[in-house]
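Comments concern the structure below.
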There are 6 protein chains.
Amino acid sequence: MTTAPKGAALFPASFDPVTNGHLDLVRRAQQVFPELVVAVAQNRDKSGTFTIEERLEMLETVIGDVPGVTLTSFDGLVVDYASEIGARAVIRGLRAIADFEYEFEMALMNRHMKPEVETLFLMTGQEYFYVSSSRLKELVSFGADVSEWVPPIVAEYLAKKFGRR
Amino acid sequence: MTTAPKGAALFPASFDPVTNGHLDLVRRAQQVFPELVVAVAQNRDKSGTFTIEERLEMLETVIGDVPGVTLTSFDGLVVDYASEIGARAVIRGLRAIADFEYEFEMALMNRHMKPEVETLFLMTGQEYFYVSSSRLKELVSFGADVSEWVPPIVAEYLAKKFGRR
Amino acid sequence: MTTAPKGAALFPASFDPVTNGHLDLVRRAQQVFPELVVAVAQNRDKSGTFTIEERLEMLETVIGDVPGVTLTSFDGLVVDYASEIGARAVIRGLRAIADFEYEFEMALMNRHMKPEVETLFLMTGQEYFYVSSSRLKELVSFGADVSEWVPPIVAEYLAKKFGRR
Amino acid sequence: MTTAPKGAALFPASFDPVTNGHLDLVRRAQQVFPELVVAVAQNRDKSGTFTIEERLEMLETVIGDVPGVTLTSFDGLVVDYASEIGARAVIRGLRAIADFEYEFEMALMNRHMKPEVETLFLMTGQEYFYVSSSRLKELVSFGADVSEWVPPIVAEYLAKKFGRR
Amino acid sequence: MTTAPKGAALFPASFDPVTNGHLDLVRRAQQVFPELVVAVAQNRDKSGTFTIEERLEMLETVIGDVPGVTLTSFDGLVVDYASEIGARAVIRGLRAIADFEYEFEMALMNRHMKPEVETLFLMTGQEYFYVSSSRLKELVSFGADVSEWVPPIVAEYLAKKFGRR
Amino acid sequence: MTTAPKGAALFPASFDPVTNGHLDLVRRAQQVFPELVVAVAQNRDKSGTFTIEERLEMLETVIGDVPGVTLTSFDGLVVDYASEIGARAVIRGLRAIADFEYEFEMALMNRHMKPEVETLFLMTGQEYFYVSSSRLKELVSFGADVSEWVPPIVAEYLAKKFGRR
């Protein structure tokens with residue numbers, strides 16, 4: 001984990017675990033913002049399926065070598081972290097109406113707290129509209145093979161966590 | 001009207017006429033993209049309330065002097081124009097769910113036509129959620145004073161077009 | 001048409017023509033607001049299917065005798081008329097999400113123009129969710145019998161306007 | 001045009017013109033209902049871009065030979081036509097939330113008029129979510145090439161209608 | 001519980017417990033698909049209010065004798081079970097927009113996993129729009145009488161589970 | 001806590017804790033209904049962050065002295081309580097689409113249970129669209145200062161409950 005470059009855009013998410021949908025967003029965001037900080041958001045109250053360290057390991061394996069991408073994690077509010085690293089743009093992916101409403105409300109509150117940080121929405125590739133970390137974990141718990149929606153390293157972690165059935 | 005600078009973000013709209021909501025978006029977009037091309041989209045089939053020239057005159061008066069902002073107009077597809085001027089990012093404002101659906105579909109189609117151009121969505125300031133050019137024109141036609149939602153030059157144009165009542 | 005009583009709630013709509021869904025709303029609104037002004041909104045720019053006079057005639061036949069209900073028509077902005085008659089509450093019916101968005105935006109703008117007038121939303125009875133004046137006219141133009149969704153007087157007016165087929 | 005087989009499912013639409021999205025729906029519907037009546041709905045009041053004959057010609061070229069598919073057109077209400085041909089299921093495609101609301105309301109009204117006819121919704125293939133006849137015509141009017149979203153015969157008709165630019 | 005007949009449509013749900021809304025859907029689905037497999041979906045991770053056995057008992061009492069209906073339960077993915085029993089159509093009920101989004105995403109993922117199984121959506125009768133197993137259980141926990149929304153046998157089970165208050 | 005006056009409107013909510021958004025709704029509702037019963041809804045099954053007594057203490061401090069406002073709490077169904085105190089109108093705030101769907105369904109069910117009680121929806125002030133008790137508690141748990149969205153007494157209670165960090 002290195003220091004976030006000044007002026008980079010911030011892409012915060014739980015990444016619990018990273019999916020191909022996330023990777024699609026990283027690729028799209030980089031087309032517009034060559035310097036991107038991909039940051040695992042720690043939620044003090046929700047424990048998550050994977051530890052922050054595991055999530056970073058998976059991300060490291062998958063996008064650790066991509067030029068212009070910095071991997072970090074943070075604890076607290078997204079806007080505070082954005083201010084701390086000097087990011088003016090926070091990137092959030094949208095898949096559907098349901099996402100939109102939640103994201104819209106969060107973005108309004110974030111804007112109120114830090115008017116200098118702007119939230120930008122990007123559409124996920126349409127082949128990932130139904131892909132979310134939580135849904136994939138649900139599918140894995142039913143014994144489904146989700147390897148086409150996650151990188152190989154994540155498939156391994158999921159198999160370890162949920163048992164190979 | 002000058003040449004669009006390489007690498008600028010493109011903000012296309014009808015601007016028929018420009019409202020304070022549009023200006024809010026320009027200001028927000030510029031926080032992230034210091035170089036911005038504000039472009040009046042010509043619709044070959046719909047005639048509009050103001051001519052392209054009038055729309056550009058109003059924009060010129062209002063944001064003609066803002067450093068980093070280039071005013072233009074274009075005819076045809078947004079993505080073709082974005083490619084032509086080398087813009088990688090197209091900025092679109094979102095006010096509400098209704099906007100979102102239409103914009104989402106357009107963005108998917110645009111992405112399909114030019115995968116190298118990415119659409120980024122920005123939320124309009126919440127004090128402008130109910131402000132749109134068409135609604136303001138409807139209000140003016142009912143004799144309402146809309147001067148708080150448009151720049152003074154636009155209030156004049158609207159009064160001229162719809163008659164002072 | 002009599003003078004609107006001070007303090008009554010205002011229920012403005014096009015009533016082009018009145019449907020059983022409108023009547024359901026009048027009945028519901030009156031449970032809460034015993035004095036109700038039912039007002040035909042004149043749209044200077046859109047001509048409508050029936051004249052204001054015809055719309056009032058139909059309403060007169062149907063709810064002219066209901067105690068506490070005053071029938072009127074107005075030209076201009078809803079909030080201006082509400083202020084003029086001293087109404088503090090404007091009643092609007094909601095049938096579905098689509099209504100909600102439009103109504104929500106209008107109510108925000110109205111609130112901004114006249115903060116002392118509050119918009120209150122009532123749900124239409126669920127048996128009227130799919131009933132709107134425009135849809136009924138569309139059905140009539142296809143030769144459908146819509147008599148179960150409108151009062152008899154309206155069925156006659158529709159038959160006259162669209163021809164008995 | 002042949003007689004609709006008893007018990008077939010009905011897929012009514014404007015098909016003005018047929019798109020690959022429609023064809024995708026036909027294919028999906030046939031997986032479930034081997035006998036399918038594909039019917040061009042005539043709208044007495046809206047003239048449309050192509051005549052009913054042209055629409056049927058395009059459909060004939062594209063799916064005229066598919067076993068189990070019958071091509072027809074009808075004038076009037078969908079449910080009346082469904083009753084007439086003895087169809088118990090009406091198939092409608094859904095692309096997005098916006099479709100859903102309109103379709104939902106129509107289906108409720110149709111159900112009320114003919115309780116014995118059930119509306120079944122199918123999702124369009126996700127690669128066609130942004131494809132509609134009206135959007136394609138809009139794109140063509142801007143000079144865009146839409147040949148990947150329509151069958152070759154439709155591309156020709158569109159070129160003839162809108163002129164090759 | 002008998003073997004699912006080849007070619008039947010599958011109606012999977014939690015049925016925890018069955019409501020009159022479910023029964024309405026069964027009746028509607030049977031109009032189109034005379035052979036229907038009604039299957040209780042077991043969720044390995046969520047325990048539910050009633051056991052799978054209790055849910056099947058209630059269903060057995062209510063629709064056990066309906067010709068063409070087969071009752072079963074299954075563990076795992078809906079699409080796997082659909083494939084196993086040779087069902088080409090999976091029936092899902094829609095009550096509202098909220099349902100629609102979730103169902104839409106699930107159907108996209110299911111389609112991706114088993115392209116040969118198609119999801120068909122049916123609208124619940126509008127008198128059941130606000131009826132769901134979870135809402136009814138919430139009402140029962142508040143001491144409400146829900147007997148008009150469930151069959152008598154379910155009212156008894158609910159009374160036993162939540163205590164008669 | 002005094003007896004609810006006959007004919008007052010009822011504004012029921014969890015108030016866990018009261019926010020400035022709630023206070024905005026109370027103020028708006030009072031413009032239309034000078035007599036208002038503000039009632040803390042007790043949820044037998046969910047324990048909540050603050051006790052009913054604490055919630056009432058905060059409300060008492062903030063709106064205890066407002067003429068026309070009566071503070072109470074109740075256990076059970078909203079409509080039963082409305083009937084008990086003779087309220088014909090139940091007031092609910094709407095912030096967004098998501099609220100709308102849930103509220104709409106609850107209102108339909110409530111209407112069915114007590115047709116004589118009507119639910120009226122009011123829009124929250126737009127500066128409170130993103131303010132909800134649960135979101136504020138989430139922010140506080142992240143160490144954020146939420147004092148601009150709650151009255152001072154509530155800020156104190158939140159600080160005590162979540163610890164000053």
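Order of the sequence lines sets the chain letters (A, B, ...), proteins ahead of strands, with each chain counted from 1. Just so we're clear, the structure is a prediction, and the values are computed from it rather than from any experiment.
Contacts with chain C (heavy atom to heavy atom, under 4.5 Å) involve no residue of residues 106-114 of chain B.
Scanning for ring-ring contact (aromatic ring centres under 6.0 Å, His included) contacts around C:F74 gives C:Y81, with sequence neighbours left out. Scored by the side-chain hydrogen bond (donor to acceptor under 3.5 Å, both in side chains) test, B:D24 finds B:R27, B:R28 as partners (sequence neighbours excluded). Residues forming a side-chain hydrogen bond (donor to acceptor under 3.5 Å, both in side chains) with C:E57 (at least two apart in sequence, or on another chain): C:Y157.
Note: C:D75 CG to B:F142 CZ = 7.5 Å, rounded to the nearest 0.5 Å. Going from atom CZ of B:F129 over to atom CZ of C:F104 covers 10.0 Å, rounded to the nearest 0.5 Å.
For a residue to count as touching a neighbouring chain, one of its non-hydrogen atoms must lie under 4.5 Å from one of that chain's; by this rule B:E148 touches chain C with the side chain only.
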